[in-house]
Every structure is written in structure tokens, then in C-alpha cells.
2 protein chains.
Amino acid sequence: MNGYIVRMPGPRFTLDRSSPVPLYFQVAEQFEQAILSGEIAPGERIDNEIALAKDLGLSRPTMRQAIQVLVDKGMLVRKRGVGTQVVHGKIRRSVELTSLFDDLSAAGQKPRTEVLAVGKVAAEEDVAHELQLKVGEDVWSLERLRYVGKQPLAVMHNFIPVDVVDLDAVDLAKTGLYAHMRSSGILMRVARQRIGARGAGAEEAELLGEKKGAPLLTMARTAYDNAGRAVEYGRHAYRPDLYAFELTLVDR
Amino acid sequence: MNGYIVRMPGPRFTLDRSSPVPLYFQVAEQFEQAILSGEIAPGERIDNEIALAKDLGLSRPTMRQAIQVLVDKGMLVRKRGVGTQVVHGKIRRSVELTSLFDDLSAAGQKPRTEVLAVGKVAAEEDVAHELQLKVGEDVWSLERLRYVGKQPLAVMHNFIPVDVVDLDAVDLAKTGLYAHMRSSGILMRVARQRIGARGAGAEEAELLGEKKGAPLLTMARTAYDNAGRAVEYGRHAYRPDLYAFELTLVDR
DNA sequence: GTCAACCCTTTGTCCTGACATATTGACGTC
DNA sequence: GACGTCAATATGTCAGGACAAAGGGTTGAC
């Protein structure tokens, strides 16, 4: 734990070379903090890569990798021949491979989940197609109603191949589906989402406390694990007055 | 014995070192092509980085950079100690810093645009806030109706600071707004989007050929140039039966 | 005064080399 | 046969150096 304090244009960075956290990540984290706290103002230029690397006792590739993390997040912009600037401080976390449950927990809300139905069903055509199965094969079907406070927020319908996890033994009202899958060793690495809208059906409307035909925000998503296997397909409908998707795009 | 068959660059990649296109990008492009064409099947492992680099006469960092491009696109997945696999072939291009016009053009559709109104207006509070202006300052206001074929697809309302571009001299029915901004030297590098849904207002409904209260897919977006300046704020409403947002998420 | 040519700064690309760490399969012991 | 250990394999991280290319400012010619 050899701490390393460096004096920079504004912020001081500390590096711990004995930590398992990669150096470039340590730098990126502290840079992000300095930007979010306003220590480095939007529009301001940061020192050039070579000087930064030298000041921190790092190589230039490592310094570049750290900066790249924030460029990918949309917080910094590089301009060849000019330098690297802060774009803007407040960045909404882009849509990630997290669940609504995670989102709300992070926001300090108290989400509650009601399991409407769970069991094995025969895969219909679209489900089978998304999960790379044959029509009629068994899949878990899980229907849940999500509340935030006392308000119903979303109707969620997930399909999961039976050989991925076992849903019988779990209390899904307490544990998020994704948390359960993670703890079962399922790592979701890539997901495809499709966001749209439609009018509420009679049953949905009833569940969400809306009228039939009321506008709903929909999201269908297929998640793949690190072997490329489809491990989850979900179709969800949200009350648009309570939920929206935010994302930050970066042109590279 | 090595019971598994490792896939080589069976397609011999061609590299042009005199080209201005970076080597890592040349490799990434050809790899992508091989994956999309099915030459390398989903789930298949590709050769390890060192062997690939050697075969192509590249250094390992360059090879890694090439692979990283496809990992970022969600086409490949790396597993330490194991190798790199193809996830799945058909990847929808993730939401990018392009416009609907670009999207439809790329899809071979023939989009048509009707300019409903264009002119300078005093910025209201939300517009001023998004564009980093003061309330009451002049901004361009541009309302358009987008058709695909004969069907109205979207109502688009854009706001642009007056010192960014001049909209008077342009035929916005023929030229996309973004294309015009690009040709004016405005480079959009970062954008924040918020996707939601709501019922159609009376005017919108009329324009889109829907009934009042019909579900619409909405997207609000603020774009920033490479100096961090807000250059565009737009509020758009889409007919959900004709349009949806697709994106691919990658966990890194 | 205008504009082109030049130089300096900074990021972009690419190379070689090294060690760390996660994963898997094979081997050996009990 | 079950289980722990070890080695092989492949990616992850990091160092240090070199040249290319783009942008911006300065200088000089006209």
C-alpha cells in the first residue's frame, strides 16, 4: 500500500500499485470524481497525456487508457493537435446491463415486486426464436408487477431457458431476477433492446391502474451470456408517467 | 492433443500499410465481415491474440485494438484464460449520433420531410436550460413532419442556438437537419437522450393521422459539439407502430 | 492588410517486451 | 473413483519508445 500523491492542475490523485484495481481504472475513477464535483469545469482542458503520465508516474498507454474510459462515457472529448476537454459534468448513467430493480435501488427508492405467475411453459415461436430454442421446448415464464412506493410501475414478463437457472427455489419477490441469475453464475455480457410504445391491453391496464388503451412504454430485451448463449428474453411495459429510458451517446 | 479446432483467419485478411485507414480498423472491418457473412459461426472461438497478430504481421496491442472494436460492438466476447468467441452474427447497429433521416435512408426507405414551421423564437425555460442559454434569448425553432412512403411517421421539433447555424438559407425539406449542421462544420460528439411515451395531443394526432390520446413514442435529445457546447435540442414524437429504438448493450 | 507557408503542440497509431491472473484440463495421490 | 495440485493457455495490465497527422498560431511574402 504505497500511497502516491501527485500535485496536478487541480486535483490530487492517489495511486495504489498494490491494489487489484487496475491503475488506469483508479485514474479514471478519480478523474470522474473531479469532473462530477466540478473541480474541473466543463470546457476546461486537461493536461496533455504525456505530462499527466509523467506526473503520475505512469506510462502514456496507461494514461491513455484511463482517459479513454471517460471518453467512452461521454465526459471527455479528445481533439488531435489541441488537447482533451471536459464536455459537461452531469452525465446520466447510460442504459446499462442492469435491471429496473437496480436502477430504483440506486435511486434510493424502495421497489416492491409482486410475482403474478411463475412456471414452465412451452415456448411460443417468438420466444423460441429469441432464446435460440425450438418451438414447444420448456422455458421458465415469469410475470411480475413492479411497484415503486404504492404505485404500480411496470408489468414484466420474462422467459428463461430451463437449463440456465432454477426459479422454483427462489423468492423472487425479495431477490431481483438478475441478482439471482448473477449469483447462479450467469454473467450477462451483451443485450439487445427494443424500446417502443403501445396502448395498454385490458389486463395490463387493470394491473397498472390505467385505462385500456392508455399509452405504455415498452421494452423487449434479449440478453446473452459470455458464451453467446441467450439466457433471458423479456417483454416489459412501463407506465410512461413514472419511467423513461435515458442514455448518453458518444460518437467515436 | 488439442481436441478442439481453432478457427484461423481462413479468410486471409489483406492489410494495406500505405492506406490512411488504421491497421486495427482494417482488421476489425474484415473480421466483422467474416462474422456477418457467417464465415465464422456464432459460438466459435477465434485464434488467440498472439497467433493472430503473428499471422498478420502485427503487434499484439494492434491486434487487441482490432478485437476491442468488435467487443465494443457486442459481436465478440473475451474470456480470460479461455479465448475470444463470436457472440452472434446479426447485430443491429446501436443507437448512434445519427438522425432518423440517416436511419431511413440506410434502410432503403424514401423518407420525405414537410417543414411545418421555421423561425426564430424566444427560448422558453426548458429550451434555454437544455441549450445553456438565458430565457428569452433567440433560438431557431424548427417543426417538421416526417413521412415514410405516404404514412406520417413523426413530428419533430428542434431548437438550435442562432449562432450555431443559419436555417434561413436552407431547403430543409431536401436536406436533413443534421446533414446541414455537419456541412456547416458543426460536429456533434455527445448526445443525451430520453425515451418515453405519452398520449397524442389534438394537434399531433391530426398530423400523424392518429386519434387524440393515441400512444406515441417520444424522444428528447440534447446534442453537444466537441467543445461541449449544446448545439441542438429536440423533442420528437413517433408513431409506435412504425418506429422503435433498438440498441445493443455491452457490459465492460 | 491578406493569405500562404511553416512550426509547435497534442493526440493517433504502432512496435517490442514483460509480468499478472483467470480458466481449464491433466496428473497424481489418497 | 474422488479430490486437490499443477501446468498450459489466453487474456489483462503496464512500460517505454517512435513516428504520423491534425489543429492552431506565428511568421513572412506580397
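All figures in this text were calculated on a predicted structure; none of them were measured in a lab. The sequence lines fix the lettering, A, B, ..., with proteins before strands; numbering per chain opens at 1.
- Between the CD atom of Gln68(A) and the P atom of dT10(C) there is a distance of 19 Å, given to the nearest Å.
- Comparing Thr84(A) and Arg17(B) along DNA chain C, the residue whose closest nucleotide (by nearest heavy atom) sits nearer the 5' end is Thr84(A).
- Among the protein residues, Pro61(A) comes within range of the nucleic acid bases, having at least one heavy atom under 4.0 Å from a base atom.
- Judged purely by atom type and a 3.5 angstrom limit, Glu130(B) has no side-chain atom pairing as donor or acceptor with the backbone of Val127(B).
- Using a 4.0 Å heavy-atom distance criterion, Ile50(A) is classed as a base contact.
- In this structure, the side chains of Met188(A) and Val231(A) come closer than 4.5 Å at one or more pairs of heavy atoms.
- For Ser59(A), the side-chain hydrogen bond (donor to acceptor under 3.5 Å, both in side chains) partners at least two apart in sequence or on another chain are Thr62(A).
- When rounded to the nearest whole Å, the span between CG of Leu15(B) and C1' of dC14(C) equals 13 Å.
- Here the closest non-hydrogen pair linking Asp163(B) and Arg229(B) is O-NH1, 4.3 Å.
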Identify the pairs formed between an N or O of the protein and an N or O of nucleotides 19-25 of chain D at a distance under 3.5 Å, and give each distance.
from: dA21(D); atom 1: O4'; to: Arg80(A); atom 2: NH1; distance (Å): 3.1
from: dA21(D); atom 1: O3'; to: Arg80(A); atom 2: NH1; distance (Å): 3.1
from: dG23(D); atom 1: O4'; to: Arg80(A); atom 2: O; distance (Å): 3.3

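- Taking atom CD on Gln26(A) and atom P on dT13(D), their separation rounds to 12 Å, with Å as the unit.
- Of the candidate nucleotides dG12(D), dC14(D), dC15(C), dG12(D) has the atom nearest to the side chain of Glu49(B).
- Scanning for side-chain hydrogen bond (donor to acceptor under 3.5 Å, both in side chains) contacts around Asp126(B) gives Arg235(B), with sequence neighbours left out.
- Mapping Tyr24(B) and Asn48(A) onto DNA chain C via the closest heavy atom, the residue that lands nearer the 5' end is Asn48(A).
- In this model, the phosphate group of dC15(C) is approached by a side-chain N or O of Ser59(B) to a distance below 4.0 Å at OP1 or OP2.
- Gln30(A) contributes no side-chain N or O that, together with a main-chain N or O of Val27(A), makes up a donor-acceptor pair within less than 3.5 Å.
- Listed nucleotides: dT13(D), dT11(D), dT16(C). Nearest to the side chain of Gln65(A): dT13(D).
- Between Met63(B) atom CE and dC14(C) atom C1' the separation is 14 Å, expressed in whole Å.
- Look at CZ on Arg64(A): it is 8 Å from P on dT11(C), rounded to the nearest Å.
- Going from atom CG of Leu76(B) over to atom P of dA10(D) covers 16 Å, rounded to whole Å.
- Regarding contacts with the backbone of dT10(C), every side-chain N or O of Arg78(A) stays at 4.0 angstrom or more from both OP1 and OP2.
- Side chain of Gln26(B) to backbone of Asp16(B): a donor-acceptor contact under 3.5 angstrom is found.
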